[in-house]
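All heavy atoms count here, side chains included; hydrogens, waters and symmetry mates do not.
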Amino acid sequence: MAGTAISPGYRYGDGAMRWSKLFIPTLRDAPADAEAASHKLLVRGGFIRQLHAGHYSLLPLGLRVHDKVENIVRQGMEEIGAQEFLLPAMHPASIWQRSGRWDSVGPEMFRLQDRKEADLALGMTHEEVFSEIAREIASYRSLPQIWYQIQWKFRDEPRPKSGLLRVREFAMKDSYSFDLDDAGLDHAFEIHREAYIRTFQRLSLDAIAVQASSGMMGGTGSVEFMVPSPAGEDDIARCAGCDYAANVERATSTLAPVDDGDASADLARFPTPGVRTIAALETVEGGAPAHRQIKTMVMVLDGAMTLALVRGDHQLNFQKLADGTRATEIRPAEAAETLERLGAHPGSLGAVGVEDLRIVADHSLRGRHSLATGANEDDWHYSGVDVDRDIAVDEWLDLREVSAGEPCVNCDRPLEVVRCIETGHIFKLGRRYSEAMGATVLDADGVERTITMGSYGIGIGRAMAAVAEVHHDDRGLVWPAAVAPYEAVITVASMRDAAAVAAAERLYGELRGQGAEVLLDDRDARAGVKFADAELVGIPWRITAGRAVADGEVELTERATGDTKRVRIEDAAARVAAALASARP
RNA sequence: CGGGACGUGGCGCAGCCAGGUAGCGCACCUGCUUUGGGAGCAGGGGGUCGCCGGUUCAAAUCCGGCCGUCCCGACCA
């Protein structure tokens with residue numbers, strides 16, 4: 001535009017939304033190692049490319065979507081008065097040592113050293129740094145505060161997978177609330193919950209708010225936002241009759257009482273050659289139905305072997321065990337360890353007479369008698385086990401995982417179990433970090449009080465992938481207008497058709513003049529290629545300038561439905577603008 | 001961490017077992033034709049066959065080690 005000599009090929013402004021000038025590397029074939037729909041389509045559509053496991057480059061189209069997701073999330077934060085920060089991604093070890101997490105989080109944190117051999121970490125979350133800053137809040141009159149950032153997080157996931165769904169480096173919106181007391185925290189938590197619901201609605205995600213385990217964050221309560229999808233990694237239990245919903249790491253249900261009979265039987269050891277499973281023990285002479293067996297899970301909690309007991313027909317939930325015992329590192333024992341300590345292989349294990357190991361048991365075993373379990377000798381089991389009499393249970397915990405169909409604890413209606421993607425998680429942290437960092441204020445009475453905190457996260461890239469998981473068809477992505485990389489594409493059916501080119505240019509100018517994000521597909525390619533690409537990339541509206549131009553018309557096609565209408569060229573811009581306006585948040 | 005599979009032009013694959021000048025489809029470049037649902041013909045460019053070592057006259061191919069990627073599992077005791 002200016003008089004400065006710029007090589008025409010590099011003229012930026014005008015070419016920026018012409019497909020022929022853009023880098024949109026679409027692929028006919030998905031990479032062989034992609035499994036999840038979002039992974040395949042984001043790669044095929046030219047949105048992302050993998051650098052290595054768990055690390056993806058955002059290409060121009062991908063960045064546009066990512067930016068839009070960010071901005072919708074940002075809008076939700078601004079609406080509750082949150083203030084945006086940007087903190088360092090790289091932290092000194094000392095700040096993590098002060099909170100105790102340098103040692104407690106383990107290998108999930110990327111650690112490195114600088115040239116002076118000082119320990120550093122790549123931030124996996126920012127409670128420590130934000131609460132360090134919050135030390136400058138000196139008076140209760142400065143509270144409450146809500147601070148947030150959208151920043152890269154680094155987590156050395158044991159298994160990155162499914163494209164953008166689980167990665168080691170990702171943008172997260174993390175916010176932190178600072179209040180004088182628990183009532184203030186409850187309020188901050190509630191307005192976040194509401195903001196998240198609004199935000200996920202704007203992203204066209206049907207997120208379910210569920211009770212959740214707090215995991216490594218600690219604290220007194222947490223809620224996850226779960227988007228139903230087979231590509232997810234979490235199961236939630238949800239009641240069809242009331243609003244009960246919880247991650248299976250926390251969910252409970254009502255259990256029908258078990259009738260063990262009147263009298264407690266005598267403990268008896270009996271031979272069970274070849275019996276290695278619950279099912280086998282059901283049918284053998286002297287055995288018992290699964291719900292009258294004790295399943296003995298040998299676990300190692302922070303290095304200490306522990307027996308976790310559940311009913312034979314129940315499953316142990318590891319997160320419940322970790323939460324209930326406050327263990328940070330938890331794994332099943334290896335067969336060799338088990339053999340050494342208990343004297344038998346898996347399949348013949350039990351807690352009867354075990355004195356030197358910690359024993360935790362699920363509530364469903366409380367007071368039970370006349371049960372069957374392994375005898376800690378291969379091919380031998382016990383019958384007539386009376387839990388109170390024969391097993392030295394150290395702690396009673398909720399350890400069992402709920403199953404679909406069990407009655408809801410609130411209303412007795414059957415629970416359903418749904419596979420979900422966790423797109424957001426909010427925590428009531430309490431005073432753990434503020435106390436460690438020394439973030440205190442003086443209250444109205446001049447008394448020093450520790451600030452109470454909450455922390456709240458949304459994974460930007462994961463939310464983007466979740467949208468792709470939910471909104472696609474066999475032709476490609478079907479982006480909701482709010483997050484689409486472009487709102488509309490004008491497809492010139494043939495670049496040799498001068499009238500069509502002229503109509504397309506006119507509409508392109510008009511729509512850009514209205515502020516629409518419109519892409520002009522001016523590639524010298526066949527119409528079929530352009531249609532297929534527009535559908536793969538998932539642009540909500542397509543305006544086709546082709547044979548209808550001879551009649552003074554263009555075609556307007558909605559990606560989601562495939563519906564096509566012919567409209568007058570002079571009316572087309574207004575029609576598209578109206579459609580876009582109704583879709584904007 | 002355990003189990004499985006796989007690494008060959010940008011993407012998808014064959015070749016490997018039975019060692020002998022690296023091939024196909026898509027994509028890319030040139031030309032002609034075609035032009036509303038991933039065009040046709042002709043010509044062309046691009047690959048240290050993941051890396052290191054070994055065996056051999058000769059290694060994508062056989063052997064050893066390493067690295068990387070994906071999937072399943074972290075339970076049914």
Side-chain angles (χ1 to χ4, degrees), chain A residues 23 25-36 39-40 43-44 46 49-55 106-107 158-163 166 233 248 272 275-282 290-291 293-300 307-322 329-339 342 344-351 372-376 378 381 399-401 403 475-476 491-497 500 521 523-536 542 544-550 554-555 557 562 564:
Chain A
F23 184 66
T26 58
L27 300 173
R28 285 180 85 144
D29 298 308
D33 52 20
E35 201 74 23
H39 185 192
K40 290 181 185 169
V43 172
R44 283 190 56 210
R49 288 292 184 264
Q50 184 182 44
L51 179 63
H52 63 140
H55 301 262
R159 183 147 94 90
K161 58 176 288 199
S162 305
R166 179 168 292 277
E233 300 182 85
V248 294
T272 50
V275 170
R276 288 289 179 279
T277 63
I278 297 281
L281 189 57
E282 284 196 286
H291 66 281
Q293 296 181 30
I294 303 169
K295 183 187 289 186
T296 307
M297 305 284 292
V298 185
M299 303 293 294
V300 179
L307 302 184
L309 312 183
V310 296
R311 227 167 76 176
D313 58 334
H314 288 164
Q315 297 188 11
L316 173 66
N317 183 287
F318 283 19
Q319 190 64 47
K320 283 187 172 182
L321 177 61
E329 207 179 317
I330 172 168
R331 64 175 174 86
E334 285 159 26
E337 299 173 277
T338 302
L339 181 63
L342 293 175
H345 291 91
S348 304
L349 302 174
T373 194
N376 289 336
D378 288 348
H381 281 77
L399 297 176
R400 75 178 174 94
E401 186 160 307
S403 296
R475 295 182 171 192
T491 302
V492 184
S494 170
M495 292 304 288
R496 309 226 172 146
D497 181 345
D521 192 349
R523 291 176 298 168
D524 185 19
R526 296 166 69 87
V529 173
K530 296 187 181 188
F531 293 153
D533 272 347
E535 285 157 355
L536 173 60
R542 187 179 84 216
T544 308
R547 54 194 170 205
V549 169
V554 291
E555 288 139 279
T557 304
T564 297

By salt bridge (charged side-chain N to carboxylate O under 4.0 Å, His left out) - contacts of [X] (at least two apart):
X: Lys320(A); value: Asp398(A)
X: Glu337(A); value: Arg331(A)
X: Arg475(A); value: Glu535(A)
X: Arg547(A); value: none

Base, sugar-phosphate, or nothing: which does [X] touch, judged by heavy atoms less than 4.0 Å apart?
X: Glu282(A); result: nothing
X: His345(A); result: nothing
X: Ala53(A); result: sugar-phosphate
X: Pro158(A); result: base
X: Arg400(A); result: nothing
X: Thr564(A); result: nothing
X: Gly546(A); result: base
X: Thr277(A); result: sugar-phosphate
X: Ala280(A); result: nothing
X: Arg542(A); result: base
X: Asp313(A); result: nothing
X: Thr544(A); result: base
X: Arg331(A); result: nothing

Can you tell me the pairing partner of [N] across any strand shown, Watson-Crick or G-U wobble, with both distances under 3.5 angstrom?
N: C62(B); answer: G54(B)
N: U69(B); answer: A5(B)
N: A42(B); answer: U30(B)
N: G25(B); answer: C11(B)
N: A74(B); answer: none

>> If the cut-off is 4.0 Å, is Lys161(A) near the phosphate of C72(B), judged by side-chain N/O to OP1 or OP2?
In response: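 It does, given that an N or O in the side chain of Lys161(A) lies less than 4.0 Å from OP1 or OP2 of C72(B).
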> Would you say C70(B) has OP1 or OP2 under 4.0 Å from some side-chain N or O of Gln50(A)?
Replying inline: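 For C70(B), OP1 or OP2 has a side-chain N or O of Gln50(A) closer than 4.0 Å.
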>> Does any part of the side chain of Gln293(A), heavy atoms only, come nearer than 4.5 Å to the side chain of His381(A), both counted from C-beta?
In response: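 No, their side chains stay 4.5 Å or more apart.
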> Heavy atoms, side chains only, cut-off 4.5 Å: are Lys295(A) and Leu316(A) in contact?
Replying inline: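 When only atoms from C-beta onward are counted, Leu316(A) and Lys295(A) do not touch, as no gap falls below 4.5 Å.
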Side chain of [X], heavy atoms from C-beta onward: which of [options] has the nearest atom to it?
X: Arg547(A); options: C71(B), G36(B), G38(B); answer: G36(B)
X: Lys295(A); options: G36(B), G38(B), C76(B); answer: C76(B)
X: Arg159(A); options: C76(B), G38(B), C72(B); answer: C72(B)
X: Phe318(A); options: U69(B), A74(B), C76(B); answer: A74(B)

> RNA chain B: Met299(A) or Thr26(A), which has the more 5' nearest nucleotide?
Replying inline: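 Upstream on the strand: Thr26(A).
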>> Here's a test of your reading of the structure: between Val549(A) and His52(A), which maps to the more 5' nucleotide of RNA chain B?
In response: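 Its nearest nucleotide being more 5', the pick is Val549(A).
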Distance, rounded to the nearest Å, where [X] contributes [atom1] and [N] contributes [atom2]:
X: Leu399(A); N: C76(B); atom1: CG; atom2: P; value: 17 Å
X: Phe23(A); N: C28(B); atom1: CZ; atom2: C1'; value: 13 Å
X: Arg523(A); N: C28(B); atom1: CZ; atom2: C1'; value: 14 Å
X: Glu233(A); N: C70(B); atom1: CD; atom2: P; value: 13 Å
X: Asp533(A); N: C26(B); atom1: CG; atom2: C1'; value: 13 Å
X: Lys530(A); N: A39(B); atom1: NZ; atom2: C1'; value: 15 Å
X: Arg166(A); N: C72(B); atom1: CZ; atom2: P; value: 12 Å

>> Generate the contact string for nucleotides 45-52 of chain B. Rules: B means base contact, S means sugar-phosphate contact only, - means no protein heavy atom under 4.0 Å.
In response: --------
Closest heavy-atom contact between [X] and [Y]?
X: Gly562(A); Y: Thr557(A); result: O-CG2, 3.9 Å
X: Val554(A); Y: Ala545(A); result: CG1-CA, 4.2 Å
X: Leu399(A); Y: Ala308(A); result: CD1-CB, 4.5 Å

> Can you find a donor-acceptor pair, distance only, under 3.5 Å between Glu535(A) side chain and G38(B) base?
Replying inline: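 Answer is no: no donor-acceptor pair is held.
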Protein-nucleotides 30-34 of chain B N/O pairs closer than 3.5 Å?
from, atom 1, to, atom 2, distance (Å)
U34(B), O2, Arg526(A), NH1, 2.8
U34(B), O4, Arg496(A), NH2, 3.2

Just jot down the side-chain contact (heavy atoms from CB on, under 4.5 Å) partners of [X], sequence neighbours excluded, or say none.
X: Ala32(A); value: none
X: Thr338(A); value: Val298(A), Ala333(A), Leu342(A), Leu349(A)
X: His345(A); value: Leu339(A), Asp378(A)

Under 3.5 Å between N/O atoms: give me all the protein pairs with nucleotides 6-13 of chain B, atom names plus distance.
from, atom 1, to, atom 2, distance (Å)
C11(B), O2', Asp29(A), O, 3.1
G12(B), OP1, Ala32(A), N, 2.8

>> Please evaluate residues Glu35(A) and Ser162(A) with respect to the criterion side chain to side chain contact (heavy atoms under 4.5 Å, CB included), reporting the C-alpha separation (whole Å), side-chain torsions for both, the decisive distance (0.1 Å), and the verdict.
In response: CA-CA 6 Å; Glu35(A) 201 74 23; Ser162(A) 305; 5.8 Å; no
If you look only at distance, which donor and acceptor atoms sit under 3.5 Å apart when one is on a side chain in residues 526-533 of chain A and the other is two or more places apart or in another chain?
from, atom 1, to, atom 2, distance (Å)
Lys530(A), NZ, Val492(A), O, 2.8
Lys530(A), NZ, Asp521(A), O, 3.1
Lys530(A), NZ, Arg523(A), O, 2.6
Asp533(A), OD1, Thr26(A), OG1, 3.0
Asp533(A), OD2, Arg523(A), NH1, 2.9
Asp533(A), OD2, Arg523(A), NH2, 3.2

Name the pairs: protein N/O against N/O of nucleotides 40-43 of chain B, kept only if under 3.5 Å.
none

> Counting only N and O atoms by type, is there a donor-acceptor contact under 3.5 Å from the side chain of Thr564(A) to the main-chain atoms of Glu555(A)?
Replying inline: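 It does not hold such a pair.
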